[in-house]
Amino acid sequence: MEAQQDQSLNLEECLKLLKGARDEQRLAGLLLVTKFCKADDHSSLRRVYEAVGSLFLDRLLRTGMGKGTISSSRDSNRDAYLNLSIAVLATLCRVPEIASSEDMVSKIPMILEVISTQSCSSVLEECCEFLYLVSTASENGIMRFYESRGIKVLASQLFSLQDGSHLVEISIKLLQLILSKISLDTIRNEYLSELSVIVAAIAKQFAILHNSLKFEALHLLNSILSSTDSSQLKTLQLRPQDSWSHNIRVGIMAILQNRVATAERLQALILAESMVSIFGEDWLISKVSTNETQDPTPADMCLLLVLEQSRVEIAVLLNELAYLKYEAPQDTSTTVEAYSLKQRNVAVAYSLVEKIIKLISNVDENEGTLLDDDTLTKLILQLNETIAVVLEYLEDAKEHGQRKGDGLLASVRIIGSYLAEAPLACKEKVQDLLGYMLSIEGADEQRPFHSVCFLLPMLCQITMKVEGCKALASCGGLKAVLDCFSKLIGSNVYLVEDDGRVFLACDTIMNLLLKKNKVQFMLDESAFVDLLKALAYWSENTDDMSSKMMASSICALIFDYTSEEALLKNPDFNHGTLRSLYHLIARCLASSEQDTNSDTDLYEIISTGFSRWAHRYPHIREAIKI
């Protein structure tokens, strides 16, 4: 009670001084403000602000900056005036109404100028405190900060700040605020080089800190990197490799190997995915040295930690997605938002797993790899567990009659990526779900296409054996592959990278057709008519002889199932298409006879096929001129 009375008396004495006629009185009053006014005592701070007035505060700040005068001011007092004015402004801006006033917003350019010229940490801290409070209080504050090139000023100071200081904390919060209010594209277009400095400086804090500020640094890095096109971050890659990218890896490992909240672990994965997008999957196995030990951190530590956490996140998120989809109340905003967020999060984990699969697949090609057999074994075990979980998710979706959705399609993609390298993994479960996976459609697809494309590498491998052919035939998968092939060939946006898919589809089709005597499957007339039309179209629109030989080989195998007469009776088939196929076969036979080293196996399929069915296609001899 006595303390409150003393404070009240001090306040009244302070207000009397602040309202005084002479500058000396006001200065004395402001000194009292810094000593006894508490930051959370908004009522007292309002009375102080009303008493001193904005004009004197402005004059005091300008005097401290050497741009104005107050009575009895001397050059030797300028630093004291500057310190006092900044401290008072920062204290007064604890009151939101004061912080949002135009008087305070208008001072932002001057405060930024002070930051650019001062090195005293206490002054810089209060300057940043002022900027944060004013920017938080109003949109005008944020825009004035940005328009006054505040990003540039802040970036220039970050590396000189003491690690883990309160000044670093305020700077991070201020940057987070700006990024939450101003489009990253806008900032990137004007301050890309400054962004690179900010990322490098914050990455350092992310690596060395072991308190809550580490997570603030993590969130800020994600705000910049996860929303930025990797091609636009070349300035970041030009910075020393042992600075920012090294520090980010150290910070990610620290989070993933310690007990932290699940949300922060997920944020670490998001950051790892951004780094892999910038530097490639090799970034996960770069050797890192730590300050705590002379021995280098194991080269595989980051890789193993990222995969393990990705596996855990996938298991948890898929279970939660299934609950939201099949059990939670539907069509509520809460359910829709939660489902959308979890889909985005599982997409990050999927992406990392796919990158790791790619990394493993390239081990034999990369000389001097840092992955030993023990590491590879650990990775494969974790990947097997991950794929098993995804297959269970798809099995659940199948039981609920779900066949359409980008989440389901993404699940097929990750399965296809792994089975391309390990086609016999989870063999029984894959065979049980094969037909279902081939039937899955993306949200914007009218019929299955991408799901088939994702599984083609695996299908091509398993159909090399009779068992695999039987699995594909029994689930009706051949029709899906034929449709996929036709769409790839007939697409108006056929791309060079589609060549790989086209040949995988061709190999799969040929594998099955070549084993027709050992595999029972039905090939209806419409299916092979569509296939023959696609083959004719492909051969007419490519100059690649290997493509023509492949098309001709499949055509030769399809001709076993029909005849010229039957084809021409089909309303969807015409003389032009048949003539095109005849010329294709003729050219391939002639070409192979001239070049005995080219596509010998395919030539054998064409020539032996010709001898089997030529009598059912009387006009083909005209094309071959026999």
Asker: Any non-hydrogen side-chain atom of Lys325 less than 4.5 Å from a side-chain atom of His400?
Answerer: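 No, every pair of side-chain atoms sits at 4.5 Å or beyond.
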Asker: I need the Leu175 CG to Ile151 CD1 distance, nearest 0.5 Å.
Answerer: 5.5 Å
Asker: Evaluate the side-chain proximity of Thr386 to Ser310: yes if any heavy-atom separation is below 4.5 Å, no if none is.
Answerer: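 In short, these two side chains do not touch, never coming nearer than 4.5 Å.
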Asker: Give the minimum heavy-atom separation between Leu209 and Gly164, together with the two atoms involved.
Answerer: CD2-CA, 3.4 Å
Asker: Just so I know, are the side chains of Ile248 and Trp283 near enough to count as touching, which here means a heavy-atom distance under 4.5 Å?
Answerer: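 Result yes, sub-4.5 Å side-chain heavy-atom pair found.
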Asker: Hey, are the side chains of Leu394 and Leu408 touching, using non-hydrogen atoms and a 4.5 Å cut-off?
Answerer: yes
Asker: Among side-chain atoms of His219 and Gln176, is any donor-acceptor pair under 3.5 angstrom?
Answerer: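 Gln176 and His219 do not have a side-chain donor-acceptor pair below 3.5 Å.
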Asker: The criterion is ring pair (Phe, Tyr, Trp, His ring centres under 6.0 Å); which residues satisfy it with Tyr191, sequence neighbours excluded?
Answerer: Tyr146
Asker: Taking all non-hydrogen atoms of both residues into account, name the closest pair between Ser135 and Ile142 and its distance.
Answerer: O-CG1, 3.1 Å
Asker: Say whether, by atom type as modelled, one donor and one acceptor occur between the side chain of Gln461 and the main chain of Ala420 under 3.5 angstrom.
Answerer: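 Yes, the answer is positive, given that a donor and an acceptor are paired below the 3.5 Å cut-off.
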Asker: Are Ser245 and Arg249 close enough that a side-chain donor and a side-chain acceptor fall under 3.5 Å?
Answerer: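 On atom types as modelled, these side chains do not qualify, holding no pair under 3.5 Å.
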Asker: For a quick test of reading the model, state the closest non-hydrogen atom pair linking Leu455 to Gly416 and the distance between them.
Answerer: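 In this case the closest contact between Leu455 and Gly416 is CD2-CA, 4.0 Å.
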Asker: Between Arg265 and Asn258, is there a donor-acceptor pair closer than 3.5 Å when you use the side chain of the first and the backbone of the second?
Answerer: yes
Asker: Any donor-acceptor pair under 3.5 Å linking the side chain of Gln157 with the backbone of Ile115?
Answerer: yes
Asker: Assess the residue pair Met275 and Trp244 against the criterion (side-chain contact (heavy atoms from CB on, under 4.5 Å)); give the C-alpha distance rounded to whole Å, side-chain angles, the decisive distance to 0.1 Å, and a yes or no.
Answerer: CA-CA 11 Å; Met275 295 303 290; Trp244 77 279; 3.6 Å; yes
Asker: Quick check: closest heavy atoms across Val430 and Met437, and the distance to 0.1 Å?
Answerer: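 Closest approach of Val430 to Met437, heavy atoms only: O-CE, 4.1 Å.
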Asker: Does any part of the side chain of Met510, heavy atoms only, come nearer than 4.5 Å to the side chain of Thr463, both counted from C-beta?
Answerer: no
Asker: Check the pair Phe485 / Val452 against side-chain contact (heavy atoms from CB on, under 4.5 Å), numbers first and verdict last.
Answerer: CA-CA 9 Å; Phe485 172 75; Val452 185; over 6 Å; no
Asker: Any chance you could measure Ser160, atom OG, to Gln162, atom CD, to the nearest 0.5 Å?
Answerer: 11.0 Å
Asker: Would you say Thr542's side chain and Trp538's backbone share a donor-acceptor pair under 3.5 angstrom?
Answerer: no
Asker: Only counting residues at least two apart or in another chain, list the ones meeting side-chain hydrogen bond (donor to acceptor under 3.5 Å, both in side chains) with Glu467.
Answerer: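 Glu467: side-chain hydrogen bond (donor to acceptor under 3.5 Å, both in side chains) contacts with Lys427.
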Asker: Is the shortest side-chain heavy-atom distance between Thr508 and Leu472 below 4.5 Å?
Answerer: yes
Asker: Taking Ser193's backbone N and O only, do any of them form a donor-acceptor pair with Ser196's side chain (distance below 3.5 Å, no angle check)?
Answerer: yes
Asker: Has Glu399 got more than 12 heavy atoms of other residues, nucleotides or ligands less than 6.0 Å from its CD?
Answerer: yes
Asker: Identify, with sequence neighbours excluded, every residue that meets side-chain hydrogen bond (donor to acceptor under 3.5 Å, both in side chains) alongside Glu313.
Answerer: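 For Glu313, the residues satisfying side-chain hydrogen bond (donor to acceptor under 3.5 Å, both in side chains) (neighbours in sequence not counted) are Gln309.
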Asker: Output all residues satisfying salt bridge (charged side-chain N to carboxylate O under 4.0 Å, His left out) with Lys479, sequence neighbours left out; order by chain, then residue number.
Answerer: Asp483
Asker: Check the pair Phe145, Leu174 against side-chain contact (heavy atoms from CB on, under 4.5 Å), reporting the backbone distance first and the verdict last.
Answerer: CA-CA 10 Å; Phe145 174 86; Leu174 182 55; 3.8 Å; yes
Asker: Tell me the salt bridge (charged side-chain N to carboxylate O under 4.0 Å, His left out) pairs involving residues 203-226, sequence neighbours left out?
Answerer: Asp163-Lys204
Asker: Using a strict cut-off of less than 4.0 Å between a Lys/Arg side-chain nitrogen and an Asp/Glu carboxylate oxygen, indicate whether Arg311 and Glu308 qualify as a salt bridge.
Answerer: yes
Asker: For Phe449, is there any backbone N or O sitting under 3.5 Å from a side-chain donor or acceptor partner on Glu441?
Answerer: no
Asker: Treating Ser486 as the side-chain partner and Leu482 as the backbone partner, does any N or O pair qualify as donor plus acceptor under 3.5 Å?
Answerer: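 Yes; at least one donor-acceptor contact below 3.5 Å.
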Asker: Write down the atom of Cys460, the atom of Asp507, and the distance for their closest heavy-atom approach.
Answerer: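 So the minimum-distance heavy-atom pair works out to SG-CB, 3.4 Å.
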Asker: Taking the side chain from Asn319 and the backbone from Ala315, do they hold a donor-acceptor pair closer than 3.5 Å?
Answerer: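 No; judged by distance alone, with no hydrogens or angles, the pair does not exist.
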Asker: When rounded to the nearest 0.5 angstrom, what is the spacing between CG in Leu131 and OG1 in Thr136?
Answerer: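 If I round to the nearest 0.5 Å, the distance is 10.0 Å.
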Asker: Do Gln382 and Ile356 have side chains that approach each other closer than 4.5 Å (heavy atoms only, starting at C-beta)?
Answerer: no
Asker: Using a 3.5 Å distance criterion without hydrogens, assess whether the side chain of Asn189 forms a donor-acceptor pair with backbone atoms of Asp185.
Answerer: yes
Asker: Going from CD1 on Ile414 to CD1 on Ile314, what distance comes out if it is rounded to the nearest 0.5 angstrom?
Answerer: 4.5 Å
Asker: Taking atom NZ of Lys404 as the centre, does the number of heavy atoms from other residues, nucleotides or ligands within less than 6.0 Å exceed 12?
Answerer: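 More than 12 heavy atoms, drawn from other residues, nucleotides or ligands, come within 6.0 Å of this atom.
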Asker: Counting only heavy atoms not in Asp373, do more than 12 fall under 6.0 Å of its CG?
Answerer: no
Asker: When rounded to the nearest 0.5 angstrom, what distance separates CG in Leu225 from CD1 in Ile202?
Answerer: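 If I round to the nearest 0.5 Å, the distance is 11.5 Å.
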Asker: Show the numbers, then the answer: is there a side-chain contact (heavy atoms from CB on, under 4.5 Å) between Leu602 and Ser546?
Answerer: CA-CA 9 Å; Leu602 296 180; Ser546 293; over 6 Å; no
Asker: For Leu184 versus Ile224, what's the shortest heavy-atom pair and its separation?
Answerer: CD2-O, 3.5 Å
Asker: Who passes side-chain hydrogen bond (donor to acceptor under 3.5 Å, both in side chains) against Lys358, sequence neighbours left out?
Answerer: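 Residues passing side-chain hydrogen bond (donor to acceptor under 3.5 Å, both in side chains) with Lys358: none at all.
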Asker: Start with the C-alpha gap between Ser417 and Arg413, add the side-chain angles, then the distance that decides, and say whether side chain to side chain donor-acceptor pair (under 3.5 Å) holds.
Answerer: CA-CA 6 Å; Ser417 296; Arg413 173 172 173 159; 5.1 Å; no
Asker: Using 0.5 Å steps for rounding, measure from the NZ atom of Lys355 to the OG atom of Ser351.
Answerer: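 Separation between the atoms: 4.0 Å.
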Asker: Quick one: does Leu434's side chain get under 4.5 Å of Met458's, heavy atoms only?
Answerer: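 SC-SC contact between Leu434 and Met458 confirmed.
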